[in-house]
Amino acid sequence: MNIVVFVKQVPDVPNIRIDEQRMTIIREGVESIINPLDCVALQASLELREREGGCITVISMGPPQSEEALREALAAGADQAILLTDSAFAGADTLATSHVLAMAVSKLQPFPDLLLCGMQTIDSDTGHVGPQIAEELDLPQVCGVNEIHMDGHLLVLKRLSEGFLDTIRVPLPALLTVSKDLCPVKNLSLGAVEAAFSQKDIIRWAAHDLGLQPDEVGLKGSATHVRKLRPPADRTGGRIVTGSPQFIVDALIHKLESMSILDEEDGNE
Amino acid sequence: MNKTFGGVWIFGDYRDYFQNRITLQLIAKGRELAETLNTGTTVVLLGDQIHQYAMEYVAHGADTVIVADHQNLKEYEVEKYTTLLAQWVKSYQPEIFLAGATSFGREFFPRLAKRLRTGLSADCVDLEVDPESFLLVQTTPAFGGELLAEVVTPDRRPQMATVHPGVFRELPHNAESVGHIIYPEVDVFPEPRVKIVRSKPQRTGKVSLEDASVVIAGGKGLGSKEQFELLYELAELLEGEVGATRPAVLSGWAGEDRLLGQTGKSVNAKLVISIGTSGALQYITGIQGAETVIAINRNPDAPVFRIVDLGLVADAATVLPILLETLRRRL
Ligand SMILES: Cc1cc2nc3c(=O)[nH]c(=O)nc-3n(C[C@H](O)[C@H](O)[C@H](O)COP(=O)(O)OP(=O)(O)OC[C@H]3O[C@@H](n4cnc5c(N)ncnc54)[C@H](O)[C@@H]3O)c2cc1C
Ligand SMILES: Cc1cc2nc3c(=O)[nH]c(=O)nc-3n(C[C@H](O)[C@H](O)[C@H](O)COP(=O)(O)OP(=O)(O)OC[C@H]3O[C@@H](n4cnc5c(N)ncnc54)[C@H](O)[C@@H]3O)c2cc1C
């Protein structure tokens, strides 16, 4: 079974800064990691390869330093890594991102049997990219998978949806997005990381390698624009009360009365 | 084309109707947006024998309901729903198309947006029409809720968004409302590739935080499971439900189904009493839908006090027993 795992390099969220001009995040100077759910997908692909054989290709679209994420994936055991990098790709929304990723997949020979994404990322967190790759490649999709089995040529999956545990059958090729419950992620050993640095090459494709025009990708190929980033608004006019415990309780009771959640003390109840 | 068709569209999710109020919340917001755009609000409803829901949506404020009533549409299926809705969007050309950010909404709306080559924002916590450009401003949390992003779709249509359940308030049922209910011809669909062979309910209790009118929310500041248990008594006295912050859930004081916040549930309550919670943004996302927020925290500088209507600076362990005692005496 040939598997593609999509990995996105994301900033370690607590330390982000924002480029107010271009309304994008500044990645320089912030530690980058592989999106945690993409590590889950990668781990699942390793287990599937062990059972079913085949080859794992990891693909990432991003700035040149996304190479680190791919190196880590190679160290973890992926067979091949493709970096989609081009200044024209910058500022892409999910429509443009999924277009580039889907075009890269259609170049693969043979076409993969299984495509795995994280269910969402920790930075912009839309969860759109998986379903949108599936749509472009006309593949069936299942989101939020927490169990994967094979039954002949069919995948048998489990996932939680709206409080129900669904059991699902889907033929290959298919695209799945994975939830954190799919499998625990093992830590990569440093020795393996060094090995990956020395051994495997990373394939690099730019827009022209994929036959893409500049206006189909990046900011230009995007339908949405982030107009503004702002901190969440505060409520105003709140009253802060200090005092003895009884005074505090009285203030609370009074508020409940004024909201008619409690009847007035001398009311009829 | 009739302007009520071109306007604001809402995906009618009728499953678990009495618990799942997202469609009604979206109709209420949709009407507001439609008014600014001088157009109408339309619910699109797909399923099998679902006429009753069309009537409900009209009673809750929809101007038009477009219904595909077909035995083949009984199950919520990404591929069928995408195909049918893409056809309808192409013929009726709505300006705006909204769906709840439910598991299903988040699975099929991206696919639909892609087929329509239009933009989509995810899990919005606010929507508004810009008075100058008439664009839909879609506010969505980013970077774990640290920031809010205002997303617009300048050129392509419809402007699509999924919306976090519980952030908007439904309109009351009005049996006098009138609206159009339309049944366009529906094609038969090919068998979907994805087959759900079994669906087992996983709900543990019957915790319905989204619908409770009073929510007592507890945080790490309660200090122990025993203290947290007092919240159940308080909730019972005030006929409410108990919610919890992530650390309280992680400490095992409450189940995951009580988690409030960005990664949990959002309330739509009249009142939230938030006790021993610091007021992290990821948590606030879950309670900001409440009409009134009261917080109890012993630290006067706790960020939670920035968002409250009434802030009580006090030690929860001291105040809770007195409060319970006072309430018991009165009720
Ligand atoms: C503040 C902010 C708000 C945004 N809001 C929107 C919005 O509302 N709508 C919109 O369309 N875009 C939006 N974007 C743009 C969006 O973040 C990018 O398109 C991003 O590249 C992909 O979105 P995501 O991180 O949400 O991916 P998700 O859809 O959450 O990612 C799911 C999975 O897809 C795969 N994947 C995603 N990106 C890549 C990649 N570059 N390379 C390889 N695999 C990948 C991974 O497996 C990942 O786990 C926003 C960006 C910012 C900074
Ligand atoms: C990506 C991401 C997503 C997250 N999603 C969520 C989410 O969905 N929901 C969520 O809740 N959190 C979420 N978090 C965690 C969130 O950032 C906070 O850590 C969490 O909300 C804090 O919970 P708390 O207020 O209970 O605990 P703390 O921050 O520890 O606050 C305890 C408070 O109790 C007060 N206190 C202590 N003792 C007493 C006493 N005796 N009486 C009165 N007050 C007292 C303290 O002054 C303090 O303000 C998320 C974090 C990340 C990074």
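Numbers restart at 1 for each chain; the letters A, B, ... are given by sequence-line order, proteins then strands.
- Rounding to the nearest 0.5 Å places CG of A/L256 at 11.0 Å from OG1 of B/T326.
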(message) With side-chain contact (heavy atoms from CB on, under 4.5 Å) as the criterion, how do B/V194 and A/I168 come out once you've worked through the C-alpha distance, each side chain's angles and the decisive distance to 0.1 Å?
(response) CA-CA 7 Å; B/V194 174; A/I168 296 174; 3.6 Å; yes
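- Taking CD1 of A/I261 as the start and CG of B/L237 as the end, the distance is 13.0 Å to the nearest 0.5 Å.
- Of the possible donor and acceptor atoms, none in the side chain of A/R227 sits under 3.5 Å from a partner among the backbone N and O of B/Q138.
- Taking each heavy atom of A/G127 and B/P110 in turn, the nearest pair found is O-CG, 4.4 Å.
- Considering only heavy-atom pairs separated by less than 4.5 Å from chain A, the leading option among B/V152, B/T153, B/L323, B/I196 is B/V152.
- Every residue two or more places apart in sequence or in another chain that forms a side-chain contact (heavy atoms from CB on, under 4.5 Å) with B/R117 is listed here: B/K114, B/R156.
- We find the CD1-CD1 distance between A/I248 and B/I296 to be 8.0 Å, quoted to the nearest 0.5 Å.
- Looking at A/T121, neither its backbone nor its side chain comes within 4.5 Å of chain B, counting heavy atoms on both sides.
- Nearest heavy atom pair, residue A/P245 against residue B/I322, reads CB-CD1, 3.6 Å.
- Of all heavy-atom pairs spanning A/F164 and B/S199, the tightest one is CB-OG, 3.8 Å.
- Heavy atoms closer than 4.5 Å to chain A are found nowhere in B/A101, neither backbone nor side chain.
- Between the CE atom in A/M259 and the NZ atom in B/K270 there is a gap of 5.5 Å [rounded to 0.5 Å].
- Residues in residues 127-155 of chain A take part in no ring-ring contact (aromatic ring centres under 6.0 Å, His included) pair, two or more places apart or across chains.
- Counting heavy-atom pairs closer than 4.5 Å to chain A, the top residue among B/I273, B/L310, B/L112, B/V319 is B/L310.
- In terms of modelled atom types and a separation under 3.5 Å, the side chain of A/T167 and the main chain of B/V197 share no donor-acceptor contact.
- For the set B/R193, B/R198, B/R106, B/E239, the count of heavy-atom pairs under 4.5 angstrom toward chain A peaks at B/R193.
- Taken from CG in B/L312 to CZ in A/F247, the straight-line distance is 9.5 Å, to the nearest 0.5 Å.
- Chain A forms more heavy-atom pairs under 4.5 Å with one residue of B/D126, B/V137, B/T82 than with any other, namely B/V137.
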(request) Assess whether side-chain contact (heavy atoms from CB on, under 4.5 Å) is satisfied between B/L327 and A/L262, documenting all intermediate values. (result) CA-CA 9 Å; B/L327 286 173; A/L262 280 183; 3.6 Å; yes
(request) Test side-chain contact (heavy atoms from CB on, under 4.5 Å) on A/D125 and B/Q262 and set out the steps. (result) CA-CA 11 Å; A/D125 187 22; B/Q262 195 199 323; 3.9 Å; yes
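- When heavy atoms are compared at a cutoff of 4.5 Å, A/I253 approaches chain B solely by way of its side chain, counted from C-beta outward.
- At a heavy-atom cut-off of under 4.5 Å, chain B is reached by A/P131, A/Q132, A/A134, A/E135, A/E136, A/D138, A/L139, A/P140, A/Q141, A/V142, A/C143 from residues 131-143 of chain A, listed in order of number.
- Between chain A and the residues B/G311, B/S121, B/A122, the most heavy-atom pairs under 4.5 angstrom are made by B/G311.
- Checked against salt bridge (Lys or Arg N to Asp or Glu O under 4.0 Å), A/R159 has the following partners two or more places apart in sequence or in another chain: A/D166, B/E107.
- The distance from atom NE2 of A/H225 to atom CG of B/D155, rounded to the nearest 0.5 Å, is 7.0 Å.
- In this structure a side-chain-to-backbone donor-acceptor pair under 3.5 Å is missing from A/K255 to B/I294.
- Atom CD of B/E325 has more than 12 heavy atoms from other residues, nucleotides or ligands within 6.0 Å.
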